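Quantities reported herein were computed from a predicted structural model and do not represent experimental measurements. Residue numbers begin at 1 in each chain, while the letters A, B, ... track the order of the sequences.
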Number of protein chains: 2
Amino acid sequence: MDRNVVNPGQMKSRKFNNLGLIKLAQAWDLLQEVCKAVQEWFPMSDKIFVSAEEVARKAGVSRSAVSRAFTAGASIAPETRRKVMEAAEALGYHVNHLARGLMRNESGIVCLVVSDLGTPYRSALIKALTQQLQNAGKIAMIVNTDRSDERVDMALRQAIRYRADASIVLSGMPDKSLVDLCVRNGQRLVLINRDDEHQGPLRINLDEEGTAQSVVTAFLRAGCRRLAFANSEAGTPSLMAREVGFVAAAREQGLDVTVERFGPTGYESGKVLAQRLMTRRERPDAVFCVTDLVALGFMDAARHQFSLSIPQDLCVVGFDDIPQAAWNSYDLTTFAQPIDEIATAAVAWLMSDDVGQSQSLRLNAPFVWRRSVRSA
Amino acid sequence: MDRNVVNPGQMKSRKFNNLGLIKLAQAWDLLQEVCKAVQEWFPMSDKIFVSAEEVARKAGVSRSAVSRAFTAGASIAPETRRKVMEAAEALGYHVNHLARGLMRNESGIVCLVVSDLGTPYRSALIKALTQQLQNAGKIAMIVNTDRSDERVDMALRQAIRYRADASIVLSGMPDKSLVDLCVRNGQRLVLINRDDEHQGPLRINLDEEGTAQSVVTAFLRAGCRRLAFANSEAGTPSLMAREVGFVAAAREQGLDVTVERFGPTGYESGKVLAQRLMTRRERPDAVFCVTDLVALGFMDAARHQFSLSIPQDLCVVGFDDIPQAAWNSYDLTTFAQPIDEIATAAVAWLMSDDVGQSQSLRLNAPFVWRRSVRSA
DNA sequence: CGCAGTAATGCAAGCGCGTGCAAGGTGTCA
DNA sequence: TGACACCTTGCACGCGCTTGCATTACTGCG
C-alpha cells in the first residue's frame, strides 16, 4: 500500500494525536460525508431502485402501510391504499420480490429443469407450464441441463439457492440424496415422465400399458407381419418401457420384433435407424418409433432413400404428437402427449395445500389415428 | 370471535389484574414457549432451510466466515474455508440467493420475455440463451407473453420485481415508459429483432438489406417471373422489412410481386396463403415466405392440394433455417438466423462493464442454399 | 355518556446475507 | 525486542421487506 495514504484508524491512534492531524481526520470525515451526498444526488450508475421507504415518505404514511397496500387481504383503508398506489406509480416503485421472498419464505419461483429445450415436445411442455405457472401467480426459472446428467443436480442446487417454491424436472434423473434435500427443505418436486422410485415428489407418467397393445393391433389389422421398433440409445425409463411393452405385446400375438437402437432421440437418429432396419434381409413392413422425431426421420429416409411408399410399403407409428406429425408430408399416426393435462396437474399439485406425500399420477396418451398406417 | 377466548393483551389490561389471571397469563407465555420449542424440534412442514448461522455453529466459526467462504476472492484462510465447506455439505447448506441478491443488489437473474415459445425458432433461441447465461453464471427467468401485447409490460414489471440484472425481449414491443423505467433502475435490456427506436438498450437485428436482393436474384436465375410474397398479419417490423425489401428489390428488376398476408406466423398460415396465391389467375412460380414455418405449410399445400412439384413448378424460399427446413421432405432454401451469435452477443453485452449507451448490432443471416429453388 | 368491539396504523424486530472496521495473530526486518 | 506490514476473523449494521403487537380512531349500543 502507498505509504502516503493514512486510514482513519491510524489517524485516531495515539501516535497521531496532535492538532494538525485531528483537523485532517475531521476533513476526512467531511469528505466521506460529501462523497455520500454526491452519490445520493447523482446516482451515476448502478441499480437505484426506489424502495418502500420513499413511497411512504411521498404518500405521507408509514413504511408498513406501503407494505400492506401491496399485500392482498391486509388491513388497510381504501383511501390509504389509493394514496400509496399513487405515490408508487409516480415513483415507479415495484415490490422487491427478493426481500418479500426472504421474509415470507416463499419466493414465487418455480424451477424448470430441462434438456433438449429446442425439441418440439419439450418446448411445447415448457410453454404450457410457464403459462399455467403465471396464471397461478408463480414465475418460471429455467435451468438448461444439456450435456452431462450431473447437471440435473446442479439445477436442483440452483433451485434451492433461489429458494424456489418448487422444481419441475422434465429431463434426466436427479440423485436421490438431492431429492431428499429438496423435500427436506420443503421444496415441492415434480418429476415428469421419469418413473423413478423417488419418495416425496409428485410423479407424472403416461399410462403406456395400452399403448403397445394398440400399435400391435393396428399393425396386424393393416396386414403387417414384420414388426420393428426404432429406439434411441438414451435409455430413459419411459422410452425403454415403450420398447419392452411393444415387444411383449407382439410376442403375445406370436410375432417377433426387430429392435434397433441408435443415438439420441431425434430426426437424424430416425434416418440412421431406417438405414439399418431397411437394409436387413427381412425388411420390416411396420415400425413403431420411440418418438415422433425419430418417426419423421425414419419416414424421410424410407421415402427418399429407399423409395418406399407410406403406408403402402411401410406403416409407421410415433409417439408425442408434436405439431410436425400432423403436417401433410407426414400425417403420422401417433400417441398424443397430454401436455396441457400434465401442466395443469403439475401446477395444481404445486398450489395445493395438502403438503403431499409421495403421489403418482398416470395420464392417458390418446391414440391419434392418421395416415401413416393402412386402415383396415 | 368466541367470547370465551381471551388474548394476552386483554390479560395484561387493568380490568383483569388479579392473581388468577396473572397466573393464567404466565401459563399462556409458557405455552407459547413450548409451542415454539416443539416447532423447532419437529419442523413438521414448511421450508426449514439451513442458514449460514447453523453452518457457522457447526464449523465453530463466525457467520461472516461462512459468508466469506462462499464469496469468491474474500479474505479467508484455506483451512477455515475447508471447515466451513465441510459443515455446509453435511448440513445441506446453500447460499440464499434471495438474501445475497438483496445485499449485492444483483440477483443473478436474467428475464427472458417471449411468446410463441413452442415454435422451433423461438425455442432454439431460448435454448442458446439459457445455456450462454448459465455459462456466464446467470440464471434465466422466463415470462411467457402469449396473448395480449400488454403482457410484455407485465413481463418487464416482473423483471423489476425480481430485480433481474437484465431482460431480453424476444417478442412484442415494450412500452417506451417501461423501457425507461428499466433503464432508470439500472436494468439492462436487450431487444432481439424488434427494431424500435428505444434508447438505452442493446438492439440486435438482422441485416436484411442483402436478403431480398439474394432471393430475387435466385428466383431470376431459376427462370421465375411471377413472384409472390407470403406474409403473416403479425406486422412485426422485421417481418414487414422483409416484405418491403423484397418488393423493392423485385421492382428494381422490373418485376411486380403479389403480396398476400394472413394470420399468425405459422404452418397453418402457410397453407392458407398457398390456397390464396395458387388459385389466382396468374399463378406465381416463386414465393418468398416470411418464415420457414410459413414456407413449409406453403410447400405442403402446393404439393398435396395443387399437385405442384417443387422446385420444378414452384420455387420457395423461407427465413430462419429451423431444423425442419433441412428435413428431406422439404429441403428448403432459406436464411439462417445466427442464433448462437445472437445469444453470444446478448450475453456478452450483459456481462460487459461499460454500462452501455444505446447500442445497435446488425448480424448477418447467411443464405442457405437447398433444393426448393431450381439452380441455374 | 361509558363501554366494547372493530378497523386502521405505526413501531420495531427480524428474514439471511455481505461487508467495513477494528482487533488479533503471524512473520519479517532492523 | 519492537516496529511494521499483512492476513484473518468477529462484530455489528443494513439491504427492503413482512408482521405481531400495541395504540389510536371510530362506530354502535345500552
Can you check the [X] [atom1] to [N] [atom2] distance for me, whole Å?
{"X": "B:His97", "N": "D:dG16", "atom1": "NE2", "atom2": "P", "value": "19 Å"}
{"X": "A:Ile76", "N": "D:dT18", "atom1": "CD1", "atom2": "P", "value": "12 Å"}
{"X": "A:Tyr162", "N": "C:dC17", "atom1": "OH", "atom2": "P", "value": "14 Å"}
{"X": "B:Arg57", "N": "C:dG16", "atom1": "CZ", "atom2": "C1'", "value": "14 Å"}
{"X": "B:Asn105", "N": "C:dG16", "atom1": "CG", "atom2": "P", "value": "20 Å"}
{"X": "B:Asn185", "N": "D:dC15", "atom1": "CG", "atom2": "P", "value": "17 Å"}
{"X": "B:Asn96", "N": "C:dG14", "atom1": "CG", "atom2": "P", "value": "18 Å"}
{"X": "B:Leu98", "N": "D:dT18", "atom1": "CG", "atom2": "C1'", "value": "14 Å"}

With a 4.0 Å limit, can you tell me whether [X] has a side-chain N or O closer than that to the phosphate oxygens OP1/OP2 of [N]?
{"X": "A:Ser64", "N": "C:dC11", "result": "no"}
{"X": "A:Ser67", "N": "D:dT18", "result": "yes"}
{"X": "A:Arg100", "N": "D:dT18", "result": "yes"}

For the side chain of [X], counting heavy atoms from C-beta on, which of [options] is nearest?
{"X": "B:Ala77", "options": "D:dT8, C:dT9, C:dC17", "value": "D:dT8"}
{"X": "A:Tyr93", "options": "D:dC17, D:dT9, D:dT18", "value": "D:dC17"}
{"X": "B:Leu102", "options": "D:dG10, D:dC15, C:dA8", "value": "D:dC15"}
{"X": "A:Arg68", "options": "D:dG20, D:dT18, D:dT9", "value": "D:dG20"}
{"X": "A:Ala65", "options": "C:dG16, C:dG10, D:dC17", "value": "C:dG10"}

- Given the rule in the salt bridge (Lys or Arg N to Asp or Glu O under 4.0 Å) test, do A:Glu79 and A:Lys83 qualify, once you have shown the distances and angles that lead to the verdict? CA-CA 6 Å; A:Glu79 172 61 16; A:Lys83 277 194 298 185; 5.5 Å; no

- Message: Here's a test of your reading of the structure: between B:Met103 and B:Thr80, which maps to the more 5' nucleotide of DNA chain D?
- Response: B:Thr80

- Contact nearer the 5' end of DNA chain D, comparing B:Val61 with B:Ala99: B:Val61

- Any chance CD of A:Glu89 has more than 12 other-residue heavy atoms, nucleotides or ligands included, within less than 6.0 Å?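 Open: at most 12 neighbouring heavy atoms sit under 6.0 Å from CD of A:Glu89.
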
- Query: Do B:Lys176 and B:Asp180 meet the salt-bridge criterion of a basic N to acidic O distance under 4.0 Å?
  - Reply: yes

- Note on the structure: In terms of heavy-atom contacts, A:Arg104 and A:Thr71 come closest through NH2-CG2, 3.5 Å

- Message: If you compare all heavy atoms of A:Arg68 against all heavy atoms of A:Ala74, which two are closest, and at what distance to 0.1 Å?
- Response: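 Distance-wise, the nearest heavy atoms are O-CB, 3.6 Å.
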
- May I ask you to say what B:Ser51 touches in the nucleic acid, namely base, sugar-phosphate or nothing, with a heavy-atom cut-off under 4.0 Å? sugar-phosphate

